[in-house]
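The structure under discussion appears below in the form of structure tokens.
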Amino acid sequence: MHFRFRSGLSNMAAHGERNNYFVREIEKNDGSALTVSQCYMGDVGCVVWDAAIVLAKYLETKQFYDPSSGVNLWAGQRVVELGAGTGVVGLMAATLGADVTVTDLEELQTLLRVNIQDNQTLISSGSITAKVLSFFSRGEDVSGFLPPPNYVLMADCIYYEQSITPLVETLKLLSGPDTCIICCYEERTEGINPKVEKQFFELLQQSFNCEEIPSSKHDREFSSPDIHILHVRKKG
């Protein structure tokens, strides 16, 4: 399942490192659009995945954000995005008024900074910064992200078998009793993917309660039977 978006070369593509990027525009409900640079070459974090679009648009649904009735559950909320990649999910949250930290590996910080810079005009009451945080190894220091945020966002972070345990450990360290983790992932049936997903959720449910959000509460246009959204909260 793939969504169609307007794409093209960045207006600044002729300058320096931007030759490495191509742009995807993701339209918001207010008619403005996030401008998201992706890399022509690189690892999985260099492109916008469908699950990230589904999650970004979910943040805009009326249960969270409805300007006509004065509803904005993102205003002033502290949000951390794990495995942010291009940063599209965190950027959406920031444009809705959240104070966001997007995190990923050191090698993706330049791309994150480019996308933050290119979308700064859409961010008025919220804020967004990029920091290094890897969930690929145990014992990652999360002290710089505490006290626990109101929300942890993650889209398509369940794909490496060796990262399952450290990812769950990172979630445990980051989360407080009031933290809501919103996890979005595309269900894949090929290769090792089903095994990895099964192991992840078995481990996650030892410490967290998971509630799958029905598709009727996803964005009506940007949804798919293969893409799941869960709200995850710490037990006890």
Side-chain angles (χ1 to χ4, degrees), residues 1-2 38-56 79-90 100-113 115 130-146 148-149 151-176 179-213 224 226-236:
M1 188 272 315
H2 297 282
Q38 305 174 90
C39 297
Y40 283 111
M41 299 180 66
D43 204 349
V44 293
C46 293
V47 296
V48 177
W49 293 90
D50 289 341
I53 301 298
V54 170
L55 180 52
V79 174
V80 173
E81 184 185 1
L82 297 180
T86 63
V88 62
V89 176
V100 181
T101 305
V102 286
T103 71
D104 214 313
L105 303 173
E106 178 67 49
E107 53 263 36
L108 285 163
Q109 296 300 303
T110 297
L111 179 60
L112 283 169
R113 286 194 293 268
N115 285 329
K131 289 186 179 181
V132 176
L133 179 63
S134 168
F135 55 77
F136 291 96
S137 58
R138 284 177 179 269
E140 188 72 17
D141 182 13
V142 301
S143 58
F145 303 92
L146 300 176
Y151 291 89
V152 174
L153 306 176
M154 46 187 282
D156 256 353
C157 290
I158 313 162
Y159 48 87
Y160 288 139
E161 188 171 15
Q162 59 269 35
S163 72
I164 289 171
T165 298
L167 174 54
V168 173
E169 289 300 315
T170 299
L171 291 173
K172 286 161 66 174
L173 292 170
L174 268 180
S175 301
T179 301
C180 178
I181 301 163
I182 306 182
C183 170
C184 184
Y185 72 100
E186 182 169 355
E187 188 176 357
R188 296 177 172 90
T189 57
E190 298 176 353
I192 198 172
N193 289 296
K195 176 187 175 187
V196 171
E197 290 168 11
K198 182 173 183 289
Q199 289 179 343
F200 172 75
F201 286 110
E202 285 177 349
L203 186 59
L204 187 71
Q205 288 169 0
Q206 292 177 16
S207 302
F208 294 88
N209 294 313
C210 301
E211 174 197 0
E212 179 152 8
I213 304 305
S224 165
D226 300 325
I227 296 182
H228 306 272
I229 299 175
L230 295 92
H231 285 193
V232 180
R233 293 181 184 272
K234 224 173 195 176
K235 290 181 176 178

Glu81 backbone acceptor or donor facing Thr103 side chain under 3.5 Å: yes

Spacing of CG belonging to Leu167 relative to CD belonging to Gln162, to within rounding of 0.5 Å: 12.0 Å

Under the ring-ring contact (aromatic ring centres under 6.0 Å, His included) test, residues paired with Tyr151 that sit two or more places apart: Trp74

Side-chain donor/acceptor pairs under 3.5 Å, residues 192-208, sequence neighbours excluded:
unit_1	atom_1	unit_2	atom_2	d
Asn193	ND2	Glu190	O	2.9
Lys195	NZ	Glu161	OE2	3.3
Glu197	OE2	Arg188	N	3.2
Lys198	NZ	Glu202	OE2	2.6

Residue list, side chain to side chain contact (heavy atoms under 4.5 Å, CB included) with Arg113, at least two apart or on another chain: Gln109, Thr110

Closest non-hydrogen atom pair between Leu112 and Ala84, with its separation: CD2-CB, 4.1 Å

Shortest non-hydrogen contact between Cys184 and Leu55, atoms and distance: CB-CB, 3.8 Å

Pairwise distance CD(Glu187) to OG(Ser224) - rounded to 0.5 angstrom: 10.0 Å

Euclidean distance, Leu82 CG relative to Thr101 OG1, rounded to 0.5 Å: 10.5 Å

For Glu212, all residues meeting side-chain hydrogen bond (donor to acceptor under 3.5 Å, both in side chains), sequence neighbours excluded: His228

Validation row: Leu174, Thr179 side chains within 4.5 angstrom (heavy atoms): no

pair Trp49-Thr86: side-chain heavy atoms closer than 4.5 Å: no

Evaluation steps, side chain to side chain contact (heavy atoms under 4.5 Å, CB included), between Leu111 and Cys39: CA-CA 8 Å; Leu111 179 60; Cys39 297; 4.0 Å; yes

Nearest heavy atoms of Ile181 and Ser175, plus distance in Å: CD1-OG, 3.4 Å

Partner residues of Lys172 under the salt bridge (charged side-chain N to carboxylate O under 4.0 Å, His left out) criterion, sequence neighbours left out: Glu169

Which atom of Val89 lies closest to which atom of Leu153, heavy atoms considered: CG1-CD1, 3.6 Å

4.5 Å side-chain heavy-atom contact, Val232 and Cys210: yes

Straight-line distance of Leu173 CG to Phe145 CZ, nearest 0.5 Å: 12.0 Å

Glu186 backbone acceptor or donor facing Asp226 side chain under 3.5 Å: no

Asp104 side, atom CG; Cys157 side, atom SG - distance, nearest 0.5 Å: 8.0 Å

Shortest non-hydrogen contact between Ala52 and Val88, atoms and distance: CB-CG1, 3.7 Å

Heavy-atom side-chain proximity of Ile182 to Ile213 below 4.5 angstrom: no

Nearest non-hydrogen partners of Asp141 and Leu133, listed with the distance: O-CD1, 4.0 Å

